[in-house]
Student: 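Pasting a structure here, questions to come.
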Amino acid sequence: MKPITMAFCAMAAAASLAVTSCGGKSERQNPFMQPYDTTYQIPPFEDILVSDYMPAFNAGVEEARASIDSIVNNPEAPTFANTILALDNLSPTLERVMSVMMSLVEAHSTPELSQVADSILPAYSAFSDEMMMNAGLFDRVKTLYDNRESLGLAKDEMRALTHTYRDFVRNGALLSDEQKEELKAVNNQLSNLYIKFNKNLLNANNSFEIVVDNEADLAGIPQSTIDNAAAEAKERGKEGKWVFTLHAPSRLPVLQYADNRALREQMWKGYTGNAQSGENDNTPVIAEIVKARAKKAAIMGYNNFAEYMTSNVMAGTPQAAESLLLQIWEPAKAKVAQEVAEMQTLSDSMGNDFSIAPWDYYYFAEKVRQQKYDLDENAIRPYFAVDSVAKGIFAMANKLYGITFEQLPDAPKYHPDVKVYDVKDSEGNHLAVFMTDYFTRASKRQGAWMEELKTSWVNPDGTVERPIVYNVGNFSKPTKDAPSLLTIDEVQTMFHEFGHGLHGMLSRARLKSQSGTSVDRDFVEFPSQFHEHFAFDPELLKEYAYHYQTGELIPDSLVQKINDASKHNMGFMTAELSGAALLDLNWGYLNPEGDIDVMGFENSVADKLGMPSQLTFRYRSPYFKHIFGDDGYASGYYTYLWAEVLDADAFEMFEQEGVFNPECAARLKTVLESGDSEDPMVLYENMRGHRPTPDALLRQRGLK
């Protein structure tokens with residue numbers, strides 16, 4: 001065996017751009033190859049080159065392999081420390097390079113970085129298979145698992161051991177050698193298909209545009225959206241015109257406010273037809289993904305992919321998830337019929353001679369809202385500048401958990417739009433780093449999300465590592481005349497992603513594998529959706545909802561209108577969401593033998609559900625990134641509604657005892673701090689005192 005210093009020298013040389021000798025002077029050291037010498041170990045983004053990723057990845061994999069060899073060849077009997085805990089810390093180098101690469105590929109990609117990721121991701125998948133199918137490694141894990149009751153493990157250690165064993169089994173450890181090779185081939189195929197799906201979707205999103213050259217066609221659209229469309233046109237070399245894109249800050253205002261029905265139809269058809277034809281067509285990619293997943297499920301001994309994906313989470317079976325969804329789908333569908341009838345009556349009264357079509361739904365829903373509640377969202381947005389809403393989420397966190405946020409203007413960041421904060425606990429101690437990246441750009445995928453550049457854990461010597469958490473959004477950019485002004489939905493999105501962020505920032509789990517959001521997929525959305533409830537709380541609004549021009553606090557009358565209208569259009573929103581979740585499960589049930597007509601299958605699911613003709617699934621399959629961009633939410637999109645059952649039930653406790661009741665907040669904080677160190681239903685029942693039912697959700701959405 002090589003001396004440690006010689007092995008490190010070899011890795012350093014492999015990962016450095018220019019090294020004269022191991023002991024000589026380095027012209028430039030690869031930033032990933034050592035702990036970051038920055039504030040709170042934030043990645044030094046400005047120092048990282050695209051050429052750093054591959055050599056650091058290769059060095060990290062070798063570092064991880066060396067760690068695995070040391071575990072497997074350890075002459076001592078397996079213990080939790082020398083096997084499970086050691087698996088938790090295989091390669092700091094690999095963790096550093098993968099966390100940054102995965103973050104930037106989603107939030108700030110370039111063609112060069114994308115090309116590197118196309119090489120690294122299949123290699124990473126192959127390494128994961130290599131590790132999870134390592135017989136010697138699994139033997140040590142299995143020995144511990146078989147004797148777990150006699151090991152005297154703490155509760156979190158027992159859970160970590162059980163989950164580690166389960167993960168090895170779910171990744172092929174018990175398969176025959178022939179089956180392992182089949183599984184490796186399928187996993188490699190899926191990894192490449194996900195890359196292709198995501199690349200097609202990003203290209204399709206960025207290539208679509210609607211060019212308007214007649215100002216009269218812009219009637220009804222908010223001025224801020226028009227200004228952004230003019231700026232987009234100028235950026236694309238079409239000055240004097242207006243360009244609208246599929247990004248939400250551009251798409252949704254057109255659908256919601258444009259008086260020009262043909263423009264609304266063009267936008268709706270552009271969005272719902274996205275990535276379905278031409279060089280960025282995702283339908284053949286989906287067909288191959290579905291076949292590969294069915295093959296993987298069969299190799300693993302499951303009847304279908306949905307069964308495989310739900311077997312290790314709270315739901316347990318796809319039938320349990322489907323049962324919950326149908327309890328929500330049917331009332332939502334009935335509510336849609338009522339909403340459409342209201343819209344049709346209003347449209348007829350305006351002298352229109354057409355039936356409500358899908359591209360009319362947003363527009364007339366807004367008209368009905370204005371009529372019923374005297375609520376015009378354009379009058380609301382000036383009170384919700386993005387920086388004001390940031391004050392709101394920070395005020396909520398302070399009221400509930402006593403934490404504070406201090407901006408770090410000189411901290412490393414991967415884009416000028418990013419803001420970085422030092423998060424401190426109630427005693428003034430460093431708790432986490434929190435980063436925000438809120439504005440849309442071509443280098444960023446659509447949607448909003450939370451992720452971690454570094455998790456939290458407790459080292460064996462008792463020292464504590466704290467996390468680096470970030471939120472990403474796609475809100476409209478500030479213009480020269482106004483800041484970014486958020487819609488009601490965007491305000492809720494900001495609170496939602498911050499809820500995920502709090503789950504990561506507050507984590508006190510001892511083990512890295514149990515930190516923060518590393519929980520069952522159908523529990524992970526509970527903290528995010530729960531914190532949405534605070535967005536328009538009258539007490540909290542007094543902390544942050546001030547008019548960006550006048551400084552006036554949002555009037556009580558306007559707050560009342562917002563809350564009165566909170567259940568408006570809930571049939572549409574619930575049917576869109578539950579319909580997409582049911583579509584996802586149906587894809588997971590499928591075991592195709594021949595060719596797949598992707599859109600034909602999707603239409604058959606809509607027919608089976610009785611999808612109202614005025615709407616469609618929240619995401620059509622070719623741009624349903626949650627389920628086809630990777631395995632993350634595959635046969636698991638139901639988790640948003642599963643978790644909403646929990647959050648609606650939990651928030652009723654706060655409503656009954658006080659929205660910022662300290663005892664309620666303390667019980668919730670325990671859930672957030674625990675991460676995956678305890679069964680999520682046990683955590684929930686300890687907090688709430690009973691198991692949840694869908695009743696609270698149906699009440700809050702006005703469906704019961």
Side-chain angles (χ1 to χ4, degrees), residues 36 38-43 95 99 103 107 389-408 411-413 418-438 448-459 463-473 493-519 523-535 540 643 647 660 662 665-678 680 683 687:
Y36 304 134
T38 57
T39 303
Y40 299 128
Q41 300 177 45
I42 301 171
E95 288 179 19
S99 69
S103 299
V389 182
K391 293 178 182 177
I393 59 176
F394 296 160
M396 173 189 68
N398 181 258
K399 284 175 172 289
L400 290 172
Y401 313 116
I403 63 179
T404 56
F405 295 75
E406 179 182 326
Q407 192 168 350
L408 299 172
K413 56 189 69 173
V418 174
K419 293 184 177 180
V420 185
Y421 300 88
D422 182 2
V423 188
K424 297 181 178 179
D425 63 20
S426 58
E427 297 178 353
N429 301 312
H430 174 70
L431 181 69
V433 170
F434 180 58
M435 309 171 75
T436 64
D437 177 10
Y438 285 136
W449 62 95
M450 166 269 184
E451 194 49 82
E452 292 175 294
L453 284 159
K454 177 174 174 282
T455 60
S456 63
W457 67 91
V458 179
N459 291 306
T463 57
V464 177
E465 301 287 339
R466 296 308 303 163
I468 302 172
V469 175
Y470 63 96
N471 278 175
V472 181
T493 295
M494 200 158 158
F495 274 78
H496 176 102
E497 299 306 334
F498 187 65
H500 280 309
L502 287 169
H503 202 181
M505 288 184 271
L506 291 171
S507 178
R508 297 288 183 184
R510 289 192 305 142
L511 306 177
K512 186 183 297 184
S513 60
Q514 296 176 342
S515 174
T517 56
S518 301
V519 297
F523 190 67
V524 76
E525 295 297 336
F526 163 62
S528 56
Q529 294 180 173
F530 176 85
H531 287 91
E532 286 185 47
H533 290 283
F534 293 92
L540 187 65
D647 83 69
F660 290 102
R667 294 204 293 272
L668 177 61
K669 188 179 181 184
T670 298
V671 175
L672 302 179
E673 290 178 335
S674 298
D676 195 45
S677 61
E678 176 60 278
L683 288 173
M687 177 192 71

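Just so you know, these numbers use all the heavy atoms, side chains as well, and skip hydrogens, waters and symmetry mates. Keep in mind the model is a prediction, meaning the values are calculated, not measured.
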Student: Atom CG in Asp425, atom CZ in Arg466: separation rounded to 0.5 Å?
Tutor: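 Rounded to the nearest 0.5 Å, the CG-CZ separation comes out at 8.5 Å.
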Student: A side-chain contact here means heavy atoms from C-beta on lying under 4.5 Å apart; do Leu502 and Pro527 qualify?
Tutor: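 No. Closest side-chain heavy atoms not under 4.5 Å.
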Student: Is a side-chain N or O of Ser528 found less than 3.5 angstrom from the main chain of Glu525, in a donor-acceptor match?
Tutor: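 Pair found, side chain donor or acceptor close to backbone of Glu525.
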Student: What residues, two or more places apart in sequence or in another chain, satisfy side chain to side chain donor-acceptor pair (under 3.5 Å) together with His531?
Tutor: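 Residues passing side chain to side chain donor-acceptor pair (under 3.5 Å) with His531: Tyr401.
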Student: Who are the ring pair (Phe, Tyr, Trp, His ring centres under 6.0 Å) partners of His503, not counting sequence neighbours?
Tutor: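 So His503 forms no ring pair (Phe, Tyr, Trp, His ring centres under 6.0 Å) with any residue.
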Student: Between Pro467 and Met505, what is the shortest heavy-atom contact and its length?
Tutor: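 Heavy-atom minimum between the residues: CG-CA, 4.1 Å.
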Student: Does some side-chain heavy atom of Met687 sit less than 4.5 Å from a side-chain heavy atom of Thr670?
Tutor: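 With C-beta onward as the side chain, the pair stays apart.
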Student: To the nearest 0.5 Å, what is the distance between CZ (Phe526) and CG (Leu668)?
Tutor: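 One gets 5.5 Å once the value is rounded to the nearest 0.5 Å.
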Student: Are Tyr36 and Tyr40 an aromatic pair, judged by ring center distance below 6.0 Å?
Tutor: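 Distance test on ring centres: not under 6.0 Å, no.
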Student: Can you check whether Phe405 and Phe498 have ring centres sitting under 6.0 Å from each other?
Tutor: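 Between Phe498 and Phe405, which both carry aromatic rings, the centre distance is below 6.0 Å.
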Student: If you look at every heavy atom in Leu683 and Gly675, which pair is closest and at what distance?
Tutor: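 In this case the closest contact between Leu683 and Gly675 is CD1-O, 4.0 Å.
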Student: When rounded to the nearest 0.5 angstrom, what distance separates CD in Glu532 from NE2 in His496?
Tutor: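 Nearest 0.5 Å value for the CD-NE2 distance: 6.0 Å.
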Student: Would you mind reporting whether Thr455 and Ser518 have side-chain heavy atoms less than 4.5 Å apart?
Tutor: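 SC-SC contact between Ser518 and Thr455 ruled out.
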Student: Using 0.5 Å steps for rounding, measure from the OH atom of Tyr421 to the CG atom of Leu408.
Tutor: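 CG of Leu408 is found 10.0 Å from OH of Tyr421.
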Student: Rounded to the nearest 0.5 Å, what separates atom OG in Ser456 from atom CD in Gln514?
Tutor: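 Ser456 atom OG to Gln514 atom CD measures 11.0 Å (nearest 0.5 Å).
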Student: Enter the distance from Asp422:CG to Thr39:OG1 here, rounded to the nearest 0.5 Å.
Tutor: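 Taking CG in Asp422 and OG1 in Thr39, the distance rounds to 9.0 Å.
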Student: Run the numbers on Lys424 and Leu431 for side chain to side chain contact (heavy atoms under 4.5 Å, CB included), then give the verdict.
Tutor: CA-CA 5 Å; Lys424 297 181 178 179; Leu431 181 69; 5.7 Å; no
Student: Testing the basics here: between Ala448 and Gly473, what is the closest heavy-atom pair and its distance to 0.1 Å?
Tutor: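 Heavy atoms only, the tightest pair is CB-CA, 4.1 Å.
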Student: Asn398: what forms a side chain to side chain donor-acceptor pair (under 3.5 Å) with it, not counting sequence neighbours?
Tutor: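 For Asn398, no residue satisfies side chain to side chain donor-acceptor pair (under 3.5 Å) once neighbours in sequence are set aside.
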